[in-house]
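Report on the structure given below.
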Amino acid sequence: MYYLVVDLEMTGPKPGYHDIIEIGAVLLNDDWGKMSTFGSLIYPQDVDTFTSSAEAIHGISLDDLEDAPLLGEVLEDFEMWIRKSLRRDEFSNLSDVMVCGQGILHDLNFLQYAYEEENKQWPFSKKVLDLISITYFGFKILSNNGVTVPKTHGLSAVAGYFGLARSENEHDAVEDAILTAACFQKFNELFSKFKLG
């Protein structure tokens, strides 16, 4: 299994109404080792859905997107990047690639809608892995064993627990995908030491 850690920035909160304007992703192998990184801005399908509240979160303006490619181009580049990283041709199956992220269901809804909108078949595994769920149970186990853990499960709190931090913007998709991937790697290292009994 390969792990595709994804983070998106959008023009607002509703899939099917608001648009994806940035995608960041990290591809990891079955040992959670980093293989490669992808990032692209995306020009919105409907600029009228661009909200000032969303801009305040991600810091991306319409001016920043002036020369960005359209969604269809980016999805093609995205899949091409994955296939190239895995050394597969354009017809190869990607069902062994699991989509992962922090609060991934929200981003997954947008990404799957984008695939439908572009009349593209969903190429990835139908299994997903959410860092929030892993954090919830991981922190519970650690806390039950006397380890002090953060009270929240946000990306900054989880990353901080592992001594990690963003190096750039608060909500840059590539930066957040890289940080999320690093948290998955840290949990993998941590859980590999656990023994029952």
Testing the 3.5 Å rule here: is there a donor-acceptor pair between the side chains of [X] and [Y]?
X	Y	answer
Asn93	Ser95	yes
Arg83	Ser92	no
Asp46	Thr49	no

Which pair of heavy atoms, one from [X] and one from [Y], lies closest together, and at what distance?
X	Y	value
Val74	Ser40	CG2-OG, 3.6 Å
Ser156	Arg166	OG-NH1, 2.7 Å
Ala181	Leu28	CB-CD1, 4.0 Å
Ala25	Leu4	CB-CD1, 4.1 Å
Val174	Phe38	CG2-O, 3.9 Å
Glu175	Asp172	N-OD2, 2.8 Å

- For the pair Ser143 and Val149, evaluate side chain to side chain contact (heavy atoms under 4.5 Å, CB included) and give the outcome as yes or no after the intermediate values. CA-CA 6 Å; Ser143 180; Val149 296; 4.2 Å; yes
- Within the side chain of Ser85, is there an N or O that forms a donor-acceptor pair under 3.5 Å with the backbone of Trp81? yes
- Query: Checking Glu22 side chain against Leu41 main chain: does a donor-acceptor pair fall under 3.5 Å?
  - Reply: no
Just wondering, do [Y] and [X] contact through their side chains at under 4.5 Å, heavy atoms?
X	Y	answer
Lys186	Val158	no
Tyr2	Asp30	no
Leu86	Leu27	yes
Leu129	Val99	no
Glu9	Thr11	no
Phe139	Tyr161	yes
Phe184	Tyr3	no
Pro44	Leu62	yes

Between [X] and [Y], is there a shared hydrophobic cluster once you connect ILVMFWY residues whose side-chain heavy atoms come closer than 4.5 Å?
X	Y	value
Val128	Ile134	no
Val6	Phe124	yes
Leu70	Ile60	yes
Leu164	Ile178	yes
Leu190	Leu131	yes

[atom2] on [Y] to [atom1] on [X], rounded to 0.5 Å:
X	Y	atom1	atom2	answer
Asp130	Tyr136	CG	OH	14.0 Å
Glu117	Leu75	CD	CG	9.5 Å
Asp31	Glu189	CG	CD	11.5 Å
Ile21	Gln45	CD1	CD	12.5 Å
Ser53	His58	OG	NE2	8.5 Å

- Task: I would like to know whether Met10 and Asp19 meet side chain to side chain contact (heavy atoms under 4.5 Å, CB included); could you show each step before the answer?
- Result: CA-CA 5 Å; Met10 289 78 80; Asp19 297 322; over 6 Å; no
- Item | Sidechain N-carboxylate O distance under 4.0 Å for Asp96, Arg88 | yes
- Task: Go through Ile23 and Phe78 one step at a time and tell me if the side chain to side chain contact (heavy atoms under 4.5 Å, CB included) criterion holds.
- Result: CA-CA 9 Å; Ile23 182 167; Phe78 181 58; 3.8 Å; yes
- Run the side chain to side chain donor-acceptor pair (under 3.5 Å) check on Tyr115 and Glu79 step by step: do they pass? CA-CA 11 Å; Tyr115 265 82; Glu79 274 193 50; 3.0 Å; yes
- Trace of the salt bridge (charged side-chain N to carboxylate O under 4.0 Å, His left out) decision for Lys120 with Glu76: CA-CA 9 Å; Lys120 291 175 67 67; Glu76 284 183 24; 5.3 Å; no
- Task: Evaluate side chain to side chain contact (heavy atoms under 4.5 Å, CB included) for Leu155 paired with Cys183, printing each intermediate quantity in order.
- Result: CA-CA 8 Å; Leu155 184 56; Cys183 290; 4.1 Å; yes
For residues 102-114, run the donor-acceptor check on the side chains, cut-off 3.5 Å, and write out each pair with its distance to 0.1 Å, sequence neighbours left out.
unit_1, atom_1, unit_2, atom_2, d
Gln102, NE2, His153, O, 2.9
Asp107, OD2, Leu8, N, 3.2
Asn109, ND2, Leu105, O, 3.3

- Message: Please determine whether the number of non-hydrogen atoms from other residues, nucleotides or ligands lying under 6.0 Å from atom CZ of Phe191 exceeds 12.
- Response: yes
